[in-house]
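Only this structure's heavy atoms are used, side chains among them; waters, hydrogens and symmetry mates stay out. Letters A, B, ... mirror the listed sequences (proteins, then strands); counts begin at 1.
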Number of protein chains: 2
Amino acid sequence: MNVEKIIKTEKQIPITSRTIIHLSLVEAKINEMMTAALKPHGVSLQQFNVLRILRGQKGKPANLSTLNERMVTKMSNTTRLVDKLILKGYVDRMVCPSNRRKVEINITSKGESALALMDVALKETEEKLLQNFSMEDLRSINELLDKF
Amino acid sequence: MNVEKIIKTEKQIPITSRTIIHLSLVEAKINEMMTAALKPHGVSLQQFNVLRILRGQKGKPANLSTLNERMVTKMSNTTRLVDKLILKGYVDRMVCPSNRRKVEINITSKGESALALMDVALKETEEKLLQNFSMEDLRSINELLDKF
DNA sequence: CCCTTACATTTGTATATACAATTGTTGTAA
DNA sequence: TTACAACAATTGTATATACAAATGTAAGGG
């Protein structure tokens, strides 16, 4: 990825700023490729993340707050995200019987099989994105990212 | 940054997926902090980037395509981004006399002094974000990010 | 039991972004 | 010169997101 071509905005860009910009550019690239990979499946990256989280629940329903903690988006959007997944029939939502303020969200079997297909597409994209990385590189970058 | 708490969506998450998710989370954090730092100045992160690019032009006007190449956003949004900066009086736009399809965009002196203030705020945010990074860490992470 | 506060989610609204279609301009080949 | 393709920017529209306010529910003190 050719950062220099893009960030030649200032004469002498300090390495701190360079790092921040570099990260944003990489993330944009990732986002773009992942979104493209999911497009044929008709879901957005965020919708995919919700499905993944729900699968991780292994049948135990998740409420909105739980989803929200594990996502980058804000609460109000989580509601609407789930709305869209319900329309597609990938999840269902019901009021929690023990605490009617909460809702319980589950992935449906239709959602699970759709998710399985998405996994394949995403896996390929990940491999493409990370093709220049050795296992040691991956460990290093994760370690460094932990410093944020 | 505690990734583990967030990405416990799946049982055994492979290091490739972990890396991608990790990057997204870090970028989200950066974005959030930068946006917050710019908020008192009344500009978005993207608007700030445009101003920075224009300053880097050193008086030489930039047209929209040029701005676009160096930004993460799409062409149509660049138009509207510049619109907003014009409203604030930070940039001006005129039709290029030699090729009337193009526009020439310049930062105004008002824009430059506003940008100088933003720089201070952003610098602080960067330092906060990168406080755990040694100079060697910064070099490493930039090198690794180049592999994307 | 009523009132207040906190909780969990939803709705309204303004702004941001992506994508496709459109406008206006230039260059060029018949 | 005119017709057509390519270029540069803009507009329309649908969707996404952030933020604030509102809704409905639960829990606890008087």
query: Under 4.0 angstrom, heavy atoms only, what part of the nucleic acid is B:Ser65 near: base, sugar-phosphate, or nothing?
result: sugar-phosphate
query: Applying the side-chain hydrogen bond (donor to acceptor under 3.5 Å, both in side chains) test to A:Asn68, which of A:Thr73, A:Asn63, A:Asn77, A:Thr78 qualifies?
result: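 That would be A:Thr78.
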message: Assess whether a salt bridge exists between A:Arg139 and A:Glu136, defined as any Lys/Arg side-chain N lying under 4.0 Å from an Asp/Glu carboxylate O.
response: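 Salt bridge flag = yes for A:Glu136 with A:Arg139.
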Exam field: side chain [X] to backbone [Y], donor-acceptor pair closer than 3.5 Å:
X        : Y        : value
A:Lys110 : A:Lys88  : yes
A:Thr16  : B:Glu126 : no
B:Thr19  : B:Ile15  : yes

query: Between A:Leu64 and B:Ser98, who's closer to the 5' end of DNA chain C by nearest nucleotide?
result: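 Nearest nucleotide further toward 5': that of A:Leu64.
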query: When the nearest nucleotide of DNA chain C is assigned to A:Thr35 and to A:Lys102 on a heavy-atom basis, which residue is associated with the more 5' position?
result: A:Lys102
Without decimals, in angstroms, what is the distance between [X] [atom1] and [N] [atom2]?
X       : N      : atom1 : atom2 : result
B:Met75 : D:dC7  : CE    : P     : 13 Å
A:Arg80 : D:dA20 : CZ    : C1'   : 12 Å
A:Met94 : D:dT25 : CE    : P     : 15 Å

- request: Measure from the side-chain heavy atoms of B:Ser76 and tell me the nearest of D:dT11, D:dC19, D:dA26.
  value: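 Out of D:dT11, D:dC19, D:dA26, the nucleotide with an atom closest to B:Ser76's side chain is D:dT11.
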- prompt: After noting the C-alpha distance and the side-chain angles of B:Asp119 and B:Arg55, does the key distance pass the salt bridge (charged side-chain N to carboxylate O under 4.0 Å, His left out) rule?
  reply: CA-CA 12 Å; B:Asp119 278 337; B:Arg55 178 172 56 190; 2.7 Å; yes
query: Residues in side chain to side chain donor-acceptor pair (under 3.5 Å) with B:Asp83, at least two apart?
result: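 B:Asp83: side chain to side chain donor-acceptor pair (under 3.5 Å) contacts with B:Arg93.
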message: Under a 3.5 Å cutoff, is there a donor and acceptor pairing between the side chains of B:Asp137 and B:Ser134?
response: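 B:Asp137 vs B:Ser134: donor-acceptor pair found between side chains.
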- request: Would you mind telling me which residue lines up with the more 5' stretch of DNA chain D, B:Thr78 or A:Gln47, judged by nearest nucleotide?
  value: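 Whichever sits nearer the 5' end wins; that is B:Thr78.
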query: If you pin A:Arg101 and A:Leu81 to their nearest nucleotides in DNA chain D, which one's is more 5'?
result: A:Leu81
field: Step-by-step side chain to side chain donor-acceptor pair (under 3.5 Å) determination, A:Thr108 to A:Asp92
entry: CA-CA 7 Å; A:Thr108 63; A:Asp92 52 39; over 6 Å; no
field: Bend angle of the helix from C:dC1-D:dG30 to C:dA30-D:dT1, from helix axes over five pairs at each end, nearest 10°
entry: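 Comparing the axis at each end, I get an angle of 10°.
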statement: Under a 4.0 Å heavy-atom criterion, DNA chain C is touched by chain A from C:dA6 to C:dC19
